[in-house]
Each structure stands twice: as C-alpha cells, then as structure tokens.
Amino acid sequence: MKRRAFLGSGLAAGALFASNAGGRAEEPAPRATGCLGLIVERASGSVLLIDNVRRAALGRIEGLGDLSHATAVFSPCERYSYVFGRDGGLTRIDLLESRIDKRVLQSGNSIGGAISDDGRLVAVANYTPGGVNVFDADTLATVASVPALGADGKASKTVGIVALPGRRFIYSLYDAGEIWIADFGDGATPKLTKFGNVGRLPYDGNVTSDARHYLAGLFGEDGFAHIDLWVPDLKCERVGQGYFGGQQRLPVYKMPHLEGWGQSANDLLLPACGAHEVLAVDLQTMGLKKRIPTHGQPVFCVARPDGREVWVNFAHPLNDIVQIIDVPTLEVVHSFAPGPGVMHLEFTPRGNEIWISARDADKVVVMDVRRREQIAEIAARKPSGILFASRAHRLGG
Amino acid sequence: MSRFAAAVFALLCLPVFAQAGTPRGKLVGLVRQDCGSCHGLTLKGGLGPALLPTALAGKSVEGLAAIILDGVPGTPMPPWRGELSPEDALWIAQKLKEGFPQ
C-alpha cells in the first residue's frame with residue numbers, strides 16, 4: 001500500500017518531467033539530479049523532493065518516521081539521499097524515482113550522519129544508546145557498530161560526525177568529553193584514535209571545507225576543541241578561551257549548529273552558544289578576531305558559497321529574522337523577516353539563490369541572493385532542513 | 001502574549017471552546033516544537049533525556065515544574081521562567097507524566 005503511494009509520487013514527478021520534455025507521457029524523459037534536493041517536513045515524517053532550478057516541489061515522500069532534527073547526505077552520483085531520522089531510522093531515497101528505496105531502523109535515537117569519501121559507507125551517530133553505526137551504502141546492511149564508551153566506561157551520546165578523507169569519520173562524545181576518529185581504511189574493522197579531556201559537553205562539531213580543522217563546540221565552556229588534521233601527530237587543543245570575555249551566558253533555547261558554518265578564505269564564523277553573537281575566528285591562528293553582535297542567539301551561520309557573506313538565523317523566540325554578515329568587514333549589513341520560525345538556510349551551489357524554511361508559516365521562501373528579494377515560495381508542512389544533492393561533492397558530508 | 005492578555009483570552013474562550021486556540025493549545029505547540037528541539041518531537045529524548053511517562057515515573061510534578069522554570073545549571077536545560085508561568089510549568093509537568101497531548 002505504502003509502496004504504491006511512493007510509486008505514485010514517483011510517477012507524478014516523472015510525468016511532470018515528461019510533459020515538459022514534449023509530451024511523451026508513457027516514457028519519462030531522462031533526468032538529472034544535480035538540481036534536486038529534499039525539504040524535511042519534521043512533524044509529518046515526510047520529505048519534499050524539490051528542483052532548485054525550476055524552484056518547484058516535485059513530490060512528497062512519506063513514511064520516514066520522526067524527522068525532528070533530521071538531516072541527510074547524498075551519494076557521490078547524486079542519485080540517492082540518506083536521511084537520518086530522530087527515531088533511529090536510516091532511509092535511502094531514490095531521487096530519480098522519488099521514492100523510498102530502503103529503510104532500516106538502526107538504533108533508538110539518532111542525530112546525524114556522514115558518508116565516506118568513497119561513497120561506500122554511511123555512518124550514523126546516535127544519542128541512545130550512543131555510539132556510531134556504520135552501514136553499507138548500497139544494501140544498508142550493518143558493517144560495524146562502534147560503541148562510544150568514554151574513559152569512565154559509560155556510554156556517551158555521539159554528535160558532530162563528519163567524514164574525513166580515507167574512509168574515516170570523526171565525531172564527538174557529548175557526555176564523556178572526547179573526540180574519536182574511526183578509520184575504515186583497511187576494511188570493516190575500524191582503527192580508533194581517541195582524544196580525551198577535550199572539554200565539557202561537546203554539543204556539535206564540523207570540519208572546514210578542506211577537511212583540515214575539526215572543531216567541536218563546548219557547552220558551558222569558553223571556547224572550542226580543535227584538531228588540526230594536517231599535522232602528523234594529531235592532538236586536540238582548546239582554542240578561543242576568552243571568546244566570551246568572562247561575560248555571563250544567556251540560557252540557550254536552541255542549541256547552535258556548526259553544520260554549514262561560515263567559512264571564507266581566512267575566517268571561520270561560528271554561532272556563539274549563549275550569546276547574541278557570531279564569533280569570527282582567524283583560521284591561521286585560531287584566535288578570536290571579532291565578536292559580531294547579532295539579533296539573537298545564532299543557530300546556523302551559513303556561508304554563501306564564495307564566502308563573501310554569511311547568513312544567520314536565530315533561536316526561539318527571535319526566530320523570525322535572518323541577518324546577513326559581510327565577511328570582509330565582519331559587520332551585519334542586512335536584516336529581514338522571511339517568515340515565522342526560520343529553521344534552516346541552503347544556498348544553491350553557486351550562491352545565486354537561497355532557500356529558507358519558515359516552519360511556522362508552512363513554507364519555504366526562495367530568494368535572489370544579490371537582490372535580497374523573494375522570488376518564489378514553496379508550500380511545505382512544518383519545514384526544517386533543506387538539503388541539496390550538490391552536497392554530495394562537499395568534503396565532510 | 002502577556003500573562004494578562006493570556007488570562008483574558010482564556011476567560012473569553014473558556015465557556016465556548018475550551019480546547020482549540022486556548023493558551024493550553026499554545027503550550028502543546030511550544031512543548032512539541034521548542035522543547036522538542038532538545039527532547040525530540042516525540043519526547044523520546046535527544047540531547048536532553050526522554051520526557052515520557054515511564055522515564056518520569058519516579059519524579060514529582062513539583063520537582064519537574066521547578067526544573068522547567070529554573071533549568072539545570074551547567075547543562076543545556078534552560079530556565080523557562082519569564083516565558084512560562086508557574087501554573088504553565090505545573091500543567092506541562094503533569095501532562096508529561098500522564099503522556100503529553102499531540
């Protein structure tokens with residue numbers, strides 16, 4: 001029954017393309033996936049398949065479980081998307097056929113994942129029972145299960161997982177305050193490298209676009225845990241102590257995300273945790289360059305693909321505003337209100353347009369980036385994450 | 001909505017429709033969406049622990065309400081006083097223990 005519904009939406013999407021290609025309705029026209037993407041509909045367990053050139057939704061794919069906080073990665077060929085759901089569901093979506101291709105329930109509670117550089121392994125980081133599960137990207141069969149037992153022997157939530165070159169994954173252990181690298185370079189049994197005492201409660205982590213610097217945000221500590229992955233003897237160091245200058249932190253109503261952080265040639269723009277500020281960090285020295293005052297507590301700091309601007313959304317209750325930071329001057333140059341409950345922002349690969357989800361208005365707004373004007377609107381049910389297939393070719397995935 | 005406005009609104013709404021559109025409905029949305037960002041939309045847990053009846057069985061409504069109002073210092077659990085009244089917090093705690101409405 002379900003399957004028919006998926007096929008139905010697949011056909012609908014196919015038909016849409018076919019009619020555009022000149023009305024050979026029986027035979028769907030050949031299509032490409034480079035302009036496709038997904039919008040996560042967090043409350044209804046569905047995703048919208050979208051086309052970011054046509055600025056249109058092509059179909060809704062349902063039955064993905066609890067998608068609060070859900071994110072996705074893409075296969076190197078850009079045909080498949082792997083969606084990580086809150087309920088531990090790992091779903092492989094076929095973007096060409098607009099349907100669920102495979103789905104496994106891998107653990108009680110997951111938060112995010114990554115795909116290896118060769119596209120063969122999908123790793124999922126879990127909250128409960130903690131640890132990282134690794135799957136074959138084609139079959140979704142389990143390849144390895146790596147528990148996250150900290151030095152104290154207790155299971156830890158795992159967060160901030162990204163892929164590194166050489167079939168490696170790096171992630172943080174929230175409860176234990178550790179960072180691990182799982183290296184699958186020799187096959188299914190990972191070689192683990194562990195960094196202890198990295199700081200209290202690392203809540204998220206990410207790697208720079210050259211896969212050189214991994215940073216984990218620390219909750220209730222002034223600074224970040226940092227590993228330079230280009231040096232031969234890896235070590236984890238605390239950077240940015242004093243970022244907050246000893247000021248009292250505000251309560252955090254939504255944890256900031258490091259995914260999509262604002263990176264330009266020289267600077268990294270990070271959401272401060274517990275302050276109405278974006279932190280500009282010098283990538284050469286890892287020192288603080290500027291604390292940029294913002295409208296609220298930043299959640300996502302997303303760099304325009306050329307790194308010239310960083311677009312920022314904010315935590316509840318100030319989540320109806322987006323601000324634009326000019327990177328050369330490190331100043332907020334524009335503020336606007338795309339709709340209530342802004343959850344996520346995604347640039348098209350060359351940065352000419354941006355898609356912004358306004359959860360509480362059940363819509364996604366498409367804007368012309370240079371003119372900063374809305375050009376289209378897509379109806380979506382409680383939309384959160386917007387993920388374009390072009391992510392397949394970014395390091396870290 | 002200010003507390004005064006909320007009270008007036010509740011009074012106006014009560015006799016006619018006690019459910020839809022009342023501040024309680026707003027609270028349900030807030031818990032699902034905004035508490036849900038840490039505790040999961042289904043409250044099965046995330047960065048914060050599960051807030052399901054089984055998980056909260058041994059805990060008092062008053063104790064949970066106090067956590068909601070004042071947070072847990074040193075952890076991401078923020079204080080909601082200012083956003084939520086003590087009555088709101090007690091109602092949420094009670095409903096969490098019973099099984100939170102959709």
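We name chains A, B, ... by the order of the sequence lines, and we start the count at 1 in each one. The structure presented is a predicted model; accordingly, all values stated were derived computationally and were not measured.
Within the 4.5 angstrom heavy-atom criterion, no atom of A/A315 approaches chain B. For B/E83, the part sitting under 4.5 Å from any heavy atom of chain A is the side chain, from C-beta outward, and nothing else. Only the side chain of A/Y174 has a heavy atom closer than 4.5 Å to any heavy atom of chain B.
Across every non-hydrogen atom of A/M255 and B/P76, the tightest pair is SD-CB, 3.8 Å. Residues A/L201 and B/T75 share a closest heavy-atom pair of CD1-CA, 4.5 Å. The shortest heavy-atom contact between B/P79 and A/Y253 is O-OH, 2.7 Å. Here the shortest heavy-atom pairing between B/L47 and A/R86 reads N-NH2, 4.4 Å.
Counting heavy atoms from C-beta on, the side chains of B/Q33 and A/H316 never come closer than 4.5 Å.
Side-chain atoms of A/Y127 do not come within 3.5 Å of backbone N or O of B/G48 as any donor-acceptor pair.
Here B/G45 is the residue among B/G29, B/A50, B/G71, B/G45 with the most heavy-atom pairs under 4.5 Å with chain A. Among the candidates A/R200, A/K254, A/R359, the residue making the largest number of heavy-atom pairs closer than 4.5 Å to chain B is A/R359.
Remark: B/C38 SG to A/Y203 OH distance equals 12.0 Å, nearest 0.5 Å. Taking CG from A/L67 and OG1 from B/T42, the interatomic distance works out to 10.5 Å, rounded to the nearest 0.5 Å. Rounded to the nearest 0.5 Å, atoms OG1 (A/T128) and NZ (B/K44) are 9.5 Å apart.
Atom CG of B/D70 has more than 12 heavy atoms from other residues, nucleotides or ligands within 6.0 Å.
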